[in-house]
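For reference, the structure discussed in these notes is given below.
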Amino acid sequence: MKADDVKKINTTALAYMGDAVYEQAVREHILSKGSYNVNKLHRMSVRFVNASAQAAIIKTIFEELTEQEQALVKRARNRKSATRAKNADPVTYKWATAFEALVGYLYLSEERERLEWLLERAIETIGK
């Protein structure tokens with residue numbers, strides 16, 4: 001997708017895509033560790049894929065982002081949400097959505113190197 005086209009997509013839709021991309025990256029990471037028990041895989045993935053973890057990631061790496069990426073995160077974080085988080089306070093949920101929006105943006109913009117960097121940093125941040 002062209003960058004100009006991706007810029008027209010609202011941050012909620014970017015987060016929708018980013019959620020799927022991040023979930024896949026986490027699943028690949030966990031499978032690479034050699035565990036194949038589905039229940040164990042699920043428990044391991046929940047540690048990475050939840051609002052608190054995603055909010056922690058974006059807060060930790062925010063200063064490492066480009067100005068454009070920071071602007072996108074701020075825009076996504078400040079967007080009024082039509083949905084409510086089940087297991088997180090509204091502020092944490094907004095930060096998590098901002099993280100997902102950035103993942104979605106990088107994926108749809110086909111910025112593969114930057115996306116790989118972000119996913120590696122995210123997994124490294126939570127995997128500590």
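The model shown is predicted, which means the values in this text are computed figures rather than measured ones.
- Both Val21 and Leu118 belong to a single network of hydrophobic side chains, linked directly or stepwise wherever heavy atoms of I, L, V, M, F, W or Y lie under 4.5 Å apart.
- Residue Val46 is not grouped with residue Phe99 when hydrophobic side chains (ILVMFWY) are merged at heavy-atom distances under 4.5 angstrom, including chains of intermediate members.
- Taking a cutoff of 4.0 Å between a charged side-chain nitrogen and a carboxylate oxygen, Glu23 and Arg27 qualify as a salt bridge.
- Contact annotation: the side chain of Leu108 never approaches that of Asp5 to less than 4.5 Å [non-hydrogen atoms, C-beta and beyond].
- Taking all atoms of both residues into account, the shortest heavy-atom contact from Ala101 to Ala76 is CB-CB, 3.7 Å.
- Taken from CD in Gln24 to CG in Leu119, the straight-line distance is 9.5 Å, to the nearest 0.5 Å.
- Under the 4.5 Å side-chain criterion, counting only non-hydrogen atoms from C-beta, Glu116 is not in contact with Glu113.
- Summarising the geometry of Ala25 relative to Ile123, their closest heavy-atom pair is O-CD1, 3.9 Å, with the distance given to 0.1 Å.
- Val38 is not connected to Leu31 by any chain of hydrophobic side-chain contacts under 4.5 Å among Ile, Leu, Val, Met, Phe, Trp and Tyr, and they are in different clusters.
- To the nearest 0.5 Å, atoms CG (Asn50) and OG1 (Thr92) are separated by 10.0 Å.
- Residues Arg75 and Leu72 form a side-chain contact, since some pair of their non-hydrogen atoms from C-beta on lies under 4.5 Å apart.
- For the pair Gln70 and Leu65, the tightest heavy-atom approach, listed with the atom from each and the gap, is NE2-O, 3.5 Å.
- To the nearest 0.5 Å, atoms NE2 (His29) and CD (Glu120) are separated by 11.0 Å.
- Separation of the Tyr22 and Phe48 ring centroids does not fall under the 6.0 Å cut-off.
- Each of Tyr16 and Leu115 belongs to its own hydrophobic cluster when Ile, Leu, Val, Met, Phe, Trp and Tyr are linked at side-chain heavy-atom distances under 4.5 angstrom.
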Can I get a per-line list of side-chain donor-acceptor pairs under 3.5 Å for residues 53-63, giving both atom names and the distance, sequence neighbours left out?
unit_1, atom_1, unit_2, atom_2, d
Gln54, NE2, Glu100, OE2, 3.4
Thr60, OG1, Ala56, O, 2.7

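- Looking at Asp19, its side chain never comes within 3.5 Å of a backbone N or O of Ala15 through a donor-acceptor pair.
- For Arg114 and Tyr107, the positive end is not near the middle of the six-membered ring at less than 6.0 Å and at most 45° from its axis.
- Side-chain atoms of Ser109 do not come within 3.5 Å of backbone N or O of Leu106 as any donor-acceptor pair.
- A heavy-atom distance below 4.5 Å is not found between the side chains of Tyr105 and Met17.
- Taking all atoms of both residues into account, the shortest heavy-atom contact from Arg77 to Ala98 is N-CB, 3.8 Å.
- In this structure, the side chains of Arg43 and Asn39 come closer than 4.5 Å at one or more pairs of heavy atoms.
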